Every structure is written in C-alpha cells, then in structure tokens.
Amino acid sequence: MTRERRRDEGQWALGSREPLNDNERFKAVEDPLLVRERIERTYAREGFASIPSEDLRGRFRWWGLYTQRRPGIDGGRTATLAPEELEDEHFMLRVRVDGGELSVAQLREIAALSTEFARDTADITDRQNIQFHWIRIEDVPEIWRRLEAVGLSTTEACGDCPRVVLGSPVAGISPDEVLDGTSAIREIVERHVGDPSLSNLPRKFKSAVSWLPDVPFQIHDIAFLGVEHPLHGPGFDLWVGGGLSTSPRLAERPGAWVPLAEVPEVWAAVAGLFRDHGYRRLRNRARLKYLIADWGVERFREVLETEYLGRPLVDGPEPVLPAAPVDHVGVHEQRDGRYYVGAAPVVGRVSGTRLARLADIVEAHGSHRIRLTPYQKLLVLDVVDPEPLVRDLETIDLIVRPSRWRRSTMACTGLEYCKLAIVETKDRAAELVAELERRLAGQSTDITVNLNGCPNACARTQVADIGLKGQIVVGPDGAQVEGFQVHLGGGLSLAKDDEAALGHKPRGLKVTATDLPDFVENLARGYQDGRKDESETFAQWAVRTHTGQD
C-alpha cells in the first residue's frame, strides 16, 4: 500500500523553497524593497516605458504604488484584458498613516502633494491611509522626499508584507480607554516595517492594536483588543486569522492575554510564523486565515509559543464590549476636558484643496492633531470650544452631525481608478447617499451600506447590513449593465449584544446600478415597517425575512 504524497504548499518551514508561482519567483530573485533605488535612479529619469513588468506590477507595490486603470475601459472588460491593456501610465500612491495619526504639518504636506502631483485627488481609506491618484513615476522621488521630511512613508503600504497598523482614532484621549496602544503601534512600525526579514510574506499581513473595539478587529490577520485580566490587569486579547475577499473568515481567539510591553514581540512572532508556515503555492490560499483554518487556533498557539516565542503566553478572558458601537462622529469630550470632533466626508473622498483648508481651520481652532478612522472619517482633537469648529468644518463639506446615510456608507476606489473593479463606486455611493437623505430624511434607523467594485471586499462587503459586490448583471431590457450582488445582514462584534456574522447572499438577489436607490429605500422601509420591535436590528430582520428564519 502506497502512502499518499502530501501536496507541496510552499511552506518554508517544511523546506519548500522552490518558488511555486510568479509572485514567489520575483520575490525570490530580489527583496522587493530594493526596487526603490531603481525608481529613483532610473525609472524616474527615463519614464514609464523603462519599467519592466516584474517591477511595475510586482515590486512597486512594496512602496505603495499601483498602476491605475486606463480611462474609458468599462467593467465588462476587466477580466478579459491583459494588464498592459488595462493600466494607465499613472499610479495610485498609498500613504501609510499608522494608527491614523496626523499632525497639521503632515496634513499640509499631504494637501500640497495632492494639488501639485495628484490632480487634487485624495481619499481617506477604510484602513486609515491616504490614497493619491494620477501620480507620475517622474514625481515619485520628490513625493517620497517630502513625505519623509514630515515623518510619513509609503514603505510597504502594499505588497506581501506588513501593511498599515490600525489603531483607535481616540487612543490616548478617550475617557473609556484604559490602556493606550499607540506605543506598541509605533514600535512595530519602527522595528519591522521595511525589515528585510519580514518583507517577503506569503501575502499581505493586516494588523490592528486598540484598547477600544472601534476598529474592525475580527477581519485582520492579527489584532490586539483591550481586556482586563483578573490577575494581571489591563492588557490585550490576541485575535488571529481574519480576512474577507472571496473567502471571508472572521478572526479567532487563541485565548492569550498580552501585556502592552509584549505586543510588538508577539506581533513579530506571529508575522514570523506566517512567513515560515504560510502557504506559498497558490495566491488565493496564501493568507494567514487558511493556515489557521487548517491548523486550528490551539495548534497555532502551540507553534507560536514553542517555535517563535520560546515561552507560554498567559491565558486570558474575552474582552468586554461596550453597550453600543462607536464611530466617533460628532462632538465628544476627551479625558482632559477638551473635545474631539468627528466629521464625515462622503465615503472618504476629499481633495488636496479641502485638506489644505482643513489644516487652516484646525490650526485656527488651536489644534495640531488629526486622526483618520477605519470608516473613512476624520477627527480633530484637543478642541476647547467645539461649536465654532463644527460650523467651519461644514463650510468644506465635512459634516459633524451628518445624516445616518452619510455616516454609515463606505465605498472602495472602484472603476474610476482600480484595474480590478467591475463597477463605479465612489460617485455612485455619493449619489446614493444624496438620494436616501432626500427620500428617507425622517428615518432614524442605522443601516450600514458598503459598496465594492469587485469581489475583493476592500470596503468590507460581507460585514455590512447591506453589502454590495460589483458585477455585470442583466438589466430589464436584457442588456448587460453595471450592478451588484447583494449581501444582507453582515456585521462585526463592536458592542456587547452584537453577533459577528458574514452577510447572507439571498439566491438571485441582484440589483442594477440604476435601480440601487430604489432598492435600498425599499429595504430600509421594509425594515422600518416589518421589524418585530425597536430592538430588532437590520441584520436580524434581514436574516429572518430573507432566509426564512424566525
């Protein structure tokens, strides 16, 4: 009897060093971080045509650069065109804002770079980053020089490496925070971002450190969430193995309590475990979530302790979540008696011009600190008298007391710039918000709506009340048009009575882009009229009425 040979998943820890796909091959040839020298010395001088494919569509990502979509190519052709046919000779450039922290000086530089080099574009992402568009390769070295002069970076903003580390937008100022995780975020970034030992991971590695559950901790490769240990006091609960895209999975608890001082060490140990044991054969199975799905968190913790930490972790309790989710929009008192003010642009879209005016307004009101949120919003900290600031922010369409629709709608980059997108999202989301504000002005219920241009879930399709995944659908006249597959009833555990769940996809439930306002309005009215009582959430109602559960 012959023993079945185990399939080679490309795990370094098992001795598999032969690159098994094109991405692994170009990473094996050279550390992708080294491409910066060629960008500065060659490509910025000789232009776009001088860039070879493995750098352009591979290593550039390690410095936050993606080619953007060529204008005029409709979403129906996304999957049929070669990369060189889809891409424009301009780039999206992603700026890391770890923990969402920005000073006024940094904000001013971002605004200036946007107006000078990015055609006045700037988007706040749902990972607390800033994204520019229309960047020319010739301008990249100067952009880097100016960003780095104010303490910002694009290092490993993309690529198979440690991405931006999310943090609470109110870290260090919230009366509800017991332990500020900012020091751990800064140490992780200073020690490990740009470190060649972690610059070749199987896939992206997304992280979060926050005492408060105001970040989406359950969809990260690794997250640390605040918890009180009955014996050791305040620390952080470890979560691992989350991620969305085409195979969504919520993170799990290995049951380990980590003191603040040890968070960077444990983070690095998990990253190292992922580097060595993560799957490198197939790109679509290379995230940490697949390893943990196969191993289970018990084995994961055992390997982490024995092979990477050399010591056991302390067992710990589950975090105690607050009574209601928080997004920090509005006026709130800080622990020092001053205020922070949270404002909502529409789905994170701003501009360099608006950010420059924001910097002037912030400074005029005596503040020097801004925070970006993981929900495409921004906060102004340390305000003594908030109401004049509220009025000034409204003059640049940063609304502090927005409609529930503006407050609860997110959208990814979409067809306008993204080569993977199938449908337009940002403008469509803005139109949807405006229509719902007009049609449902009196409705007081909270319903989250997330629009995604493709299946990759950059705007978290599966964890919204209404998740909309862009695709080509058949319109009423039989023609193929832009539309969305609908996910209903998703959400994360951000409050004590919330149950984390991935949205359901009711069979055949799709909507054309043109019909989207009618569709969402009908859902909202159906929920308002059909819920059992005021305590039934949209997610509960959607599951009950659209999946036959009662």
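Residue numbers count from 1 along this sequence. Computed from a predicted structure; not experimentally measured. For the numbers below, each heavy atom of this structure counts, side chains included, while hydrogens, waters and symmetry mates do not.
- Legend: residues meeting side-chain hydrogen bond (donor to acceptor under 3.5 Å, both in side chains) with W62, ordered by chain and number and at least two apart, are absent.
- Note: Y417 and H133 have parallel aromatic rings, judged against thresholds of 30 and 60 degrees for the angle between ring planes.
- At a threshold of 4.0 Å, the pair R439-D518 counts as salt-bridged, since one of the basic side-chain nitrogens sits closer than that to a carboxylate oxygen.
- Salt bridge absent: E89 and R70 never bring a charged side-chain N and a carboxylate O closer than 4.0 Å.
- Under a cut-off of 6.0 angstrom, the local environment of CD in Q480 is sparse, with at most 12 non-hydrogen atoms contributed by other residues, nucleotides or ligands.
- For S153, the side-chain hydrogen bond (donor to acceptor under 3.5 Å, both in side chains) partners are T155, not counting sequence neighbours.
- The pair R38-E30 meets the salt-bridge criterion, with a side-chain N (NZ, NE, NH1 or NH2) lying under 4.0 Å from an Asp/Glu carboxylate O.
- Between F48 and F91, the ring planes are tilted. Angles from 30° to 60° get that label.
- A223 is linked by a side chain to side chain contact (heavy atoms under 4.5 Å, CB included) to A208, F217, H220, W239, counting only residues two or more places apart in sequence or in another chain.
- Between D8 and R281 there is no salt bridge, since no side-chain nitrogen of the basic residue lies less than 4.0 Å from a carboxylate oxygen of the acidic one.
- Between R249 and E252, at least one side-chain N (NZ, or NE/NH1/NH2) sits under 4.0 Å from a carboxylate O, which counts as a salt bridge.
- One finds no salt bridge joining R401 and E394 here, because no Lys/Arg side-chain nitrogen approaches an Asp/Glu carboxylate oxygen to under 4.0 Å.
- Using a 4.0 Å cut-off between charged nitrogen and carboxylate oxygen, R287 and D221 count as a salt-bridge pair.
- A salt bridge between D397 and R406 is present, with a side-chain N of the basic residue lying under 4.0 Å from a carboxylate O of the acidic one.
- By the 4.0 Å N-to-carboxylate-O rule, E9 lies close enough to R7 to be salt-bridged with it.
- With R275 contributing its side chain and N200 its backbone, the two residues share no donor-acceptor pair below 3.5 Å.
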